[in-house]
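Written out below as structure tokens is the structure these notes cover.
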Amino acid sequence: MSNILAEDTLVWHLACSEVDIPENGGACALIEGEQIAIYNFKRRGEWFATQNLCPHRQQMALSRGMIGSTGEEQEPKVACPFHKKTFSLKTGACLSGDDYQIQTYPVKVENGMVYVGL
Amino acid sequence: MKKKIVVVGNGMVGYKFCEKLIAKDTAQEFDLVVFGEEIRPAYDRVHLSSYFAGKTVEDLTMAPASWYAENGITLHLSDPIVDIDRDAKTVRSHHGLVESYDYLVLATGSAAFVPPIPGVEKDGVFVYRTIEDLDMMQHHAKKAKKGAVIGGGLLGLEAAKALLDLGLEETHVIEFAPRLMPRQVDDAGSKMLQTKLEELGLKIHLNKNTQEIRGNGAISSMLFADGVELEVDMLVISAGIKPRDEVARIAGLEVGVRGGVIVNDYLQTSDSNIYAIGECALAHHMIYGLVAPGYEMADVVVNQLVKDKDKSFKPFDMSTKLKLIGVDVASFGDAFIQEPNCQTIVYENSAKGVYKRINISNDGKYLLGGILIGDAEQYNMLLQNVKNQTILPPDPEDLMLGARGGKEESGAGVMALPDDASICSCEAISKGQICGEVLAGNNTLDAIKKCTKAGTGCGGCVPMIKDLINETMKSQGVYIRNIICEHFDYTRQELFDLVKIKGYRTYEEALDGLGHGDGCETCKPAVASILASLWNEMILVKGNDTVQDSNDRYLANIQKNGTYSVVPRIPGGEITPEKLIVIGQVAQKYGLYTKITGGQRIDLFGAHVSDLPAIWEELVNAGFESGHAYGKALRTVKSCVGSTWCRFGLHDSVSFAIEIEERYRGLRAPHKFKSAVSGCTRECAEAQSKDFGIIATEKGWNLYVCGNGGVKPQHALLLASDIDSETCLKYIDRFLMFYIKTAEPLTRTATWLNKLDGGIDYLKAVVIDDVLGLNKQFEDEMNMLVEAYRCEWKEVVTNPELRKRFTHFVNAPHLKDPNVKFEPMRDQIKAAEWVK
Ligand code: SRM
Ligand SMILES: Cc1cc2nc3c(=O)[nH]c(=O)nc-3n(C[C@H](O)[C@H](O)[C@H](O)COP(=O)(O)OP(=O)(O)OC[C@H]3O[C@@H](n4cnc5c(N)ncnc54)[C@H](O)[C@@H]3O)c2cc1C
Ligand code: SF4
Ligand code: FES
């Protein structure tokens, strides 16, 4: 299941400037009252965004997790700092064997500013 | 014509019978029909207790219902057999099914024996045999406070441990005999066992005869023959087993006086078409209450049915090892044989709670049996010696005491066993079979489990299997490398050397030069730790911040609600009143919970990430430094008050502790490490439980290394005695550098030493005799690291770029996380409970 919406129903929200998000790491932005984790995957030249809430123990923590990739397909992932459950940054699926699913969001970077589509 | 086999009972042994028959490819020869009384297919009763520790029914299930279908077995569950018509050769089930048979296999197991005590029917009284029993206990335990177990044998003690795990405030064990585990353990061993169990929190009552279970509907107390009454609201009866022979009885098969279906050496009952196996069978005048002999019985019957080979059931070894966590107990071979029929060697150490006894043949050649309490590491080896009639070495006590101080290579012993030595008795797998599979490429534990089933029963042989795999691989010249993860094909030690040679200073450089892919949460902190140990640069610069483990990244430990803890360094545990006041003021100002830690310092909990820099600014200004409570680094050097005040003190332990703490502060290593200095042998600083510990002597200091508390406590070992302060520091420098360079990630010094070939003797040779010729280099490297030390928090509070990273919202730096919740408790706060 893809939770990326069709472009025309998306509203792009300005989140922060590019330099606010550490390279190869994440940070959390408050958008429309929601906590959104934004990741600057510099190594791959890609940006990702997910919910900040880890579904395991309901902690607002994913933005503080380490990112990386796994498997033949180099699936990009984030590991929650609390108990290291890992989630795909592409699909939001839990990669460490539990039945969790997190929300992912589209991100675009224009003129040094980061936008998240909700 | 196909013949039909009907199996009555789908427990562990009934299942194993099916599995063994299917393995012989008999689908063309036999139809197999199974009747089980329980609602689910056979499960692992041996590990029933792990159900309370989180194992699920699926985990415990031997094979799912689909397995029976796939193999053409008709399985009727919840439908016990109630009658056998031996003339018509049919059985009738509770639901009225009538099934004909050519061969009937009774595998009805046993039930808990419940003595006829008035009141056993009351609510809150349980037996411990099935998953349903456990579900009911778990439900009842929620409202129960005091529990008891009748029976101090193998199963009774396991049930008692289960009650402890269920969270009962008090658990009593009631034993009729004058000692615990009367069938496996002798008097002295039983006393030692009792002490150990009492330490675990069990209350043990011996020579107690329960006369009545009292209570109005539900149990409220137990009355004993000596007039004593004990209040309890939960009771588990575990006073032995009673074979389920009721159907056999009705059918007129011969049964024993005290129960059990009588069978001959081929496990045939008095009707030669009917077999009995497992705990319902009375073979050699006894009931074998263990799973391994049951499996062997299943094998014997399968062999007869397929007329494979003429195999009979021989008297079976009843050696056992108790699975209780916290206390090792094992008995093997002929445990009770006494002088003059043998020679007995006993080792007793009441301080450590260890009792060992071995019985040796009078000619000193063979091991006959023995008992191990408190430390059963040698159990498998000893058992193999008994079974294989191995000729004993000249000092047989070495066998029982094991390799002391890591002197011997672990695992070397297993290779000395003959090829036909049985390693897994549950599945009857020999050493030869396992080594053969390893050579054929099945060289992991999982692969061995899959292809031989060894290690899948009681699990007691797993350590031996691992040793066999490693030793076999070694003998093939294959060195098993523990590579870091999918992104680096190197061991930590290799990576450490390579990063040093190449001079890499960032994770990205190391990944580009030595790894592949994008990295992950395993290799990032491992490489970060190597970089820190090599160069001791500020860990949050050069893009290395996002490869740190979360605690390192925020220089604080994350807590249950997403807030952090603040632990300033208090070297040696010494602090001025002025500094104490500052801690109090900071805690007040930022609303923090304060607690004295187990490491002689003060922890402040509940800090919002955005408050951390301000909090530390105030602490740094008052002269505090980071305590590195978050890092795999030096934690604390504890001290006792020492000769400045204490009337027994030999040297000034506080000054030395402070000197040591300031020398190694901030030093990063594969795992955290701790130290302590005691002013005399009374050891008030607990130095012998530390990664390195120092104790004052008349002539100087004794240096101990590689101890720890934590998950698997281990005492430190003496490295050098009566040395002066300067030598002591030199030895510590060398020891730490050697550890930092060679240990695998997240390995404490104790575990590292346990794996080090040659153990403490080798470590002494390196650190003291310089056999590697590296000591000069070790000391130089350590001096470089000591020189490079700077307080991380001081750097953050004075660097606006670094400070900026300590926010919850990048786009609203002054807002705190609204999800953080606290609750009041004893005039302070605590983190709100999280969802479980
Ligand atoms: C605060 C403290 C408990 C207390 O209230 O007293 C504590 C708290 C934590 N301990 Fe500890 N340990 C504390 C003393 C100990 C001790 C006792 C001692 O040091 O004398 C031990 C056993 C001794 C030993 O380590 O050998 C101890 C054995 C552990 C272990 C198990 C280590 C092991 O090798 O088995 C862990 C887990 C780990 O490190 O991986 C651990 C991990 C933790 C962590 C860091 C868990 C975590 O990652 O969140 C806890 C968070 C601390 C925090 O937020 O500040 N803590 N911990 C103690 C801090 C001492 C200090 O001043 O730094
Ligand atoms: C808590 C606990 C811990 C244990 N720990 C160990 C250990 O560490 N090591 C060890 O070796 N052993 C241990 N055991 C013993 C081990 O579980 C048994 O030896 C083993 O289960 C015996 O297998 P079995 O098939 O003969 O009997 P069971 O597993 O009892 O199976 C018999 C089955 O037959 C069913 N049945 C009975 N009558 C009928 C009927 N008329 N029709 C149809 N079905 C019927 C029963 O309901 C049951 O499901 C432990 C047992 C318990 C309870
Ligand atoms: S013992 Fe466990 S719960 Fe207690 S502080 Fe240490 S890690 Fe935390
Ligand atoms: S809270 Fe995220 S893994 Fe547990």
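Reminder, nothing fancy here: chain letters follow the sequence lines and each chain counts from 1.
- Interface residue B:E486: only side-chain heavy atoms are found under 4.5 Å from chain A.
- In this structure, B:Q559 CD and A:Q59 CD are separated by 10.5 Å, a value rounded to the nearest 0.5 Å.
- Put simply, CG on A:L30 and NE2 on B:H808 are 8.5 Å apart, with the number rounded to the nearest 0.5 Å.
- At a 4.5 Å heavy-atom cutoff, the contact between B:Y554 and chain A is made by side-chain atoms alone.
- In terms of heavy-atom proximity, A:S69 sits nearest to B:C520 at O-CB, 4.2 Å.
- A:A29 approaches B:N811 most closely through the heavy-atom pair CA-OD1, 3.5 Å.
- When each of B:D545, B:V820, B:D549 is scored by its heavy-atom pairs under 4.5 Å with chain A, the top score falls to B:D549.
- In this structure, CG in A:D20 is found 7.5 Å from CZ in B:R805, a value given to the nearest 0.5 Å.
- Looking at A:V114, there are no atoms closer than 4.5 Å to chain B (heavy atoms on both sides), in backbone or side chain.
- Counted by atom type alone, A:Q35 and B:D817 present one or more donor-acceptor pairs between their side chains at under 3.5 Å.
- Closest approach of A:N24 and B:K524 over heavy atoms only: O-NZ, 4.1 Å.
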### Task
Determine, step by step, whether A:R43 and B:D512 satisfy the side chain to side chain contact (heavy atoms under 4.5 Å, CB included) criterion, reporting the C-alpha distance in whole Å, the side-chain angles of both residues, the deciding distance to 0.1 Å, and the verdict.
CA-CA 10 Å; A:R43 196 176 171 81; B:D512 287 339; 3.0 Å; yes
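- More than 12 heavy atoms of other residues, nucleotides or ligands shown are found within 6.0 angstrom of CD on B:E823.
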### Message
Run the side chain to side chain contact (heavy atoms under 4.5 Å, CB included) test on B:E508 and A:K42 for me, step by step, so that the C-alpha distance in whole Å, both residues' side-chain angles and the decisive distance to 0.1 Å come before the verdict.
### Response
CA-CA 11 Å; B:E508 288 287 297; A:K42 183 81 189 291; over 6 Å; no
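- No side-chain heavy atom of A:R57 sits less than 4.5 Å from a side-chain heavy atom of B:K560.
- For the atom pair CD1 (A:I67) and OG1 (B:T546), the distance works out to 7.0 Å, reported to the nearest 0.5 Å.
- Rounding to the nearest 0.5 Å gives a distance of 11.0 Å between CG of B:N551 and CZ of A:R64.
- Within 6.0 Å of CZ in B:R790 there are 12 or fewer heavy atoms belonging to other residues, nucleotides or ligands.
- Taking CE of A:M66 as the start and OG1 of B:T522 as the end, the distance is 8.0 Å to the nearest 0.5 Å.
- Interface remark: A:S63 contributes backbone atoms only to the contact with chain B (heavy atom separation under 4.5 Å).
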